[in-house]
Amino acid sequence: RSGQYTMNHDHSKKIPDGASFDRSGSQDSLDELSMDDYWKELENIHETRGNNHEERVALVVKEPDEGELEEEWLKEAGLSNLFGESSGDSLESMVFLSTLTRTQKAAVEKRVETVTQTMRKKNKQHQIPDVRDIFRLENDSKGKVCDGSEPSAVRTSENKNETLDGTKGNFSLGTDEQKSLLEDMPSSDTDINLEISFAEQAANLKDTSVGKMYKGGGGDTLLPNFRLPKDKTGTTKIGDLAPQDMKKVYSLALIELTALYDILGTEFKQQKAVKIKTKDSGLFGVPLSLLLEQDQKKVPGTKIPLIFQKLIAQIEETTLETEGLLRIPGVATRVKGLCQELEAKFYEGTFNWENVKQHDAASLLKLFIRELPQPLLTVEYLKAFQDVQNLPTRKQQLQALNLLVILLPEANRDTLKVLLEFLQRVIDHRDKNKMTLKNVAMVMAPNLFTFHGLGSKTIEQSEFAMAAGTANVMRFMIQYQKLLWTIPKFIVNQVRKQNTESQKKEKKDKAMKKLLKKMAYDREKHEKQEKTPNDTDVPQGVIRVQAPHLSKVSMAIQLTEELKAGDIVARFLSQKSGNVQTLKKEEVFLYEIGGNIGERCLDDDTYMKDLYQLNPNAEWVIKPKQS
């Protein structure tokens with residue numbers, strides 16, 4: 001197989017002139033030798049692609065017009081009503097903007113500025129009637145929100161600090177508060193602080209000492225042992241929140257990631273894919289969403305494509321101890337044959353899995369990922385994922401990946417999760433299969449990051465630097481997958497704050513309407529309503545927990561410093577009545593519902609008293625987790 005050697009050889013010639021390689025390489029001193037697996041994998045990919053039955057259509061990425069990207073960004077961030085025809089409904093946006101941190105606001109302002117300038121320019125050429133309204137609104141919004149009581153720092157005034165029923169500012173996001181919080185936090189280099197906006201942390205690092213921005217060199221296998229310090233109000237994972245709150249989380253994550261990239265001087269650009277004709281049925285080369293639709297008819301509620309699940313199961317069935325698993329390719333012609341046979345027989349259930357060799361199954365798994373008409377990491381964010389390698393510190397790289405995972409569409413995120421968990425299981429057997437974290441990352445990076453549809457030109461130019469860089473990002477994703485599926489607390493708190501503000505606004509609106517209707521009649525009614533507090537009078541420090549699935553009665557529970565969510569679930573399950581017998585501990589969870597959150601599934605280690613103080617108006621319900 002001398003061909004492979006020459007290919008590697010070519011690349012080794014490229015190194016000297018690509019000084020940029022040093023940069024991404026130095027991060028983990030990925031030497032030429034260890035890059036071998038990467039180039040071999042790339043060659044295997046070219047080989048299977050070379051004899052592909054029909055050449056794939058390249059996916060065109062549109063070069064956006066000026067201001068178009070920013071406009072798209074504001075739409076994605078849920079702020080499209082700051083400009084354009086829909087600018088009437090801006091109150092919702094005002095509430096939203098009032099909860100942003102200083103750095104998040106700056107990111108929004110920067111984009112609004114570009115959009116307004118573009119609109120002004122366009123306005124010179126053709127008369128756009130509503131352009132004045134846009135700016136009037138813009139100035140209003142600036143006056144109300146952005147300039148606040150002081151420019152650049154959003155000071156939460158005292159009374160605003162009393163957010164929830166007079167419990168003083170449980171989560172006001174005043175920048176000063178963030179600053180002082182930052183100074184108080186004993187920051188170890190491996191603790192990931194989720195209480196404070198990542199961009200604010202970066203800005204603070206920049207202000208205090210540039211010297212501290214450590215590159216984190218050192219031995220290549222040693223990735224820091226990052227961890228999340230325990231949060232008394234419970235860690236929120238992706239999947240714990242209701243859809244209406246997840247929508248807000250998405251907007252905030254987008255703004256936060258943009259703010260983080262702005263501060264660290266990395267350009268954050270979402271790419272826009274032009275729609276191309278794709279297959280509308282089958283297994284390989286079918287859009288993920290379509291594939292899942294098709295699979296859900298067979299297995300209702302499935303979140304991962306069936307073929308993907310089956311290929312992983314097939315690989316594991318043999319044993320994960322096989323040397324060179326994932327690295328050694330299957331036989332190309334055989335893989336191609338299997339591919340066609342699967343297309344014909346997989347759904348019929350007539351495909352014979354007995355004869356599928358393990359390396360062939362591994363090749364099919366990688367082929368599946370590569371053949372997706374749009375990359376698993378999406379066209380929008382593929383570049384942002386790659387750019388993670390350019391961020392100054394490992395911690396910031398991790399924070400950016402965390403936000404990117406939140407931004408992925410659900411189907412992509414769920415599939416990625418299953419893939420990363422599988423890769424970790426392969427690595428767990430490294431003593432036998434010789435596949436270390438680094439090897440697995442090397443082999444998988446080309447499958448996730450070099451995307452056939454984006455034309456391979458861009459990849460060739462900076463190929464060496466990019467290879468080492470994406471292999472590093474891949475290692476990060478595998479190593480820290482458990483942390484990446486967490487929703488940072490500062491974002492959950494911003495959602496709580498938005499919900500509180502919206503509720504206040506609704507209350508005011510309702511009150512106004514009532515007042516206008518029949519003043520006297522209403523006042524009477526209003527007083528009556530005031531007198532009936534929520535639920536039957538529950539004494540201070542006691543919560544009422546319902547478990548409609550388990551028992552007809554609710555339970556009053558006295559809050560103590562040490563009481564955790566898991567204890568309450570256990571208490572319900574220890575009852576001998578109703579349906580309790582049929583349920584297992586890991587199937588039911590305590591939920592926090594209403595108040596300042598839509599719905600949140602609580603982790604067992606949530607300290608109830610702390611959470612109650614954060615959300616005193618919530619209801620507490622035990623129920624199974626919706627898949």
Side-chain angles (χ1 to χ4, degrees), residues 163-167 170-171 194-195 228-246 249 482 485-489 491-493 495-497 499-500 503 532-627:
T163 34
L164 305 177
D165 299 356
T167 44
N170 279 329
F171 44 68
L194 297 179
E195 308 257 333
L228 301 177
K230 202 70 203 115
D231 170 12
K232 284 192 109 174
T233 57
T235 307
T236 309
K237 290 252 176 260
I238 292 174
D240 286 349
L241 294 179
Q244 73 265 31
D245 283 335
M246 263 322 271
V249 168
K482 288 212 169 66
W485 262 256
T486 309
I487 302 174
K489 183 178 186 179
I491 289 184
V492 180
N493 281 350
V495 171
R496 289 183 187 278
K497 196 164 183 223
N499 290 338
T500 306
Q503 285 157 7
T532 53
N534 60 339
D535 218 13
T536 45
D537 282 313
V538 180
Q540 195 55 42
V542 172
I543 58 169
R544 189 163 285 292
V545 179
Q546 274 145 354
H549 290 75
L550 300 180
S551 90
K552 294 196 172 48
V553 279
S554 61
M555 197 184 264
I557 290 183
Q558 176 70 51
L559 294 175
T560 59
E561 294 299 327
E562 291 306 310
L563 183 76
K564 296 183 187 176
D567 305 334
I568 295 181
V569 176
R571 210 174 288 184
F572 261 91
L573 290 178
S574 65
Q575 294 177 315
K576 293 285 170 273
S577 63
N579 313 334
V580 176
Q581 267 56 48
T582 57
L583 279 160
K584 290 193 211 51
K585 166 88 187 69
E586 46 283 347
E587 287 172 1
V588 286
F589 292 89
L590 180 58
Y591 279 77
E592 163 194 11
I593 298 177
N596 55 40
I597 199 87
E599 178 173 297
R600 173 170 169 255
C601 176
L602 302 181
D603 86 58
D604 285 341
D605 289 336
T606 305
Y607 286 86
M608 293 308 295
K609 196 166 179 183
D610 295 79
L611 181 57
Y612 172 72
Q613 282 162 358
L614 185 64
N615 192 2
N617 293 333
E619 289 178 9
W620 311 96
V621 177
I622 292 176
K623 57 178 191 168
K625 190 159 188 174
Q626 269 86 35
S627 57

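- In this structure, Tyr607 OH and Asp567 CG are separated by 9.5 Å, a value rounded to the nearest 0.5 Å.
- At least one donor-acceptor pair under 3.5 Å links the side chain of Asn615 to the backbone N or O of Gly594.
- No donor-acceptor contact under 3.5 angstrom links the side chains of Asn499 and Asn596, judged on distance only.
- The structure places OG of Ser554 at 11.0 Å from CD1 of Ile543, a figure rounded to the nearest 0.5 Å.
- Between Phe572 and Leu590, every side-chain heavy-atom pair lies at or beyond the 4.5 Å cut-off.
- The shortest distance between side-chain heavy atoms of Lys230 and Thr235 falls below 4.5 Å.
- Looking at Asn493 and Leu614, their side chains come closer than 4.5 Å, going by heavy atoms from C-beta outward.
- Here the CD1 atom belonging to Ile568 is positioned 12.0 Å from the CG atom belonging to Leu573, to the nearest 0.5 angstrom.
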Show your working on side-chain contact (heavy atoms from CB on, under 4.5 Å) between Thr486 and Leu194 and close with a plain yes or no.
CA-CA 9 Å; Thr486 309; Leu194 297 179; 3.8 Å; yes
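- A distance of 11.5 Å separates OH of Tyr591 from CD1 of Ile622, quoted to the nearest 0.5 Å.
- Between the Gln503 side chain and the Gly595 main chain, a donor and an acceptor come within less than 3.5 Å of each other.
- Of the possible polar contacts, none joining the Asp245 side chain to the Ala242 backbone as a donor-acceptor pair under 3.5 Å is found.
- Looking at residues two or more places apart in sequence or on another chain, you find no side-chain contact (heavy atoms from CB on, under 4.5 Å) involving Lys482.
- Residues Lys623 and Glu599 form a side-chain contact, since some pair of their non-hydrogen atoms from C-beta on lies under 4.5 Å apart.
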Please assess Thr500 against Lys497 for the test side-chain contact (heavy atoms from CB on, under 4.5 Å), listing each intermediate value before the final yes or no.
CA-CA 5 Å; Thr500 306; Lys497 196 164 183 223; 5.5 Å; no
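- Considering all non-hydrogen atoms of both residues, Val588 and Pro624 come closest at CG1-N, 3.9 Å.
- The structure places CG of Leu611 at 6.0 Å from CG of Leu602, a figure rounded to the nearest 0.5 Å.
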Walk me through whether Arg600 and Val495 qualify under side-chain contact (heavy atoms from CB on, under 4.5 Å).
CA-CA 12 Å; Arg600 173 170 169 255; Val495 171; over 6 Å; no
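- The distance from the CG atom of Asp605 to the CG atom of Asp231 is 11.0 Å, given to the nearest 0.5 Å.
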Given side-chain contact (heavy atoms from CB on, under 4.5 Å), test Asp603 with Asp240 step by step and report yes or no.
CA-CA 9 Å; Asp603 86 58; Asp240 286 349; 5.7 Å; no
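- At a threshold of 4.5 Å between non-hydrogen side-chain atoms, the residues Glu592 and Trp620 count as touching.
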Only distances under 3.5 Å count here; give the side-chain donor-acceptor pairs of residues 555-566 to other protein atoms, sequence neighbours excluded, each with its distance to 0.1 Å.
unit_1 : atom_1 : unit_2 : atom_2 : d
Gln558 : NE2    : Gly541 : O      : 3.2
Thr560 : OG1    : Leu563 : N      : 3.2
Glu561 : OE2    : Lys609 : NZ     : 3.1

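- By the 4.5 Å heavy-atom criterion applied to side chains, Lys489 and Thr233 are counted as neighbours.
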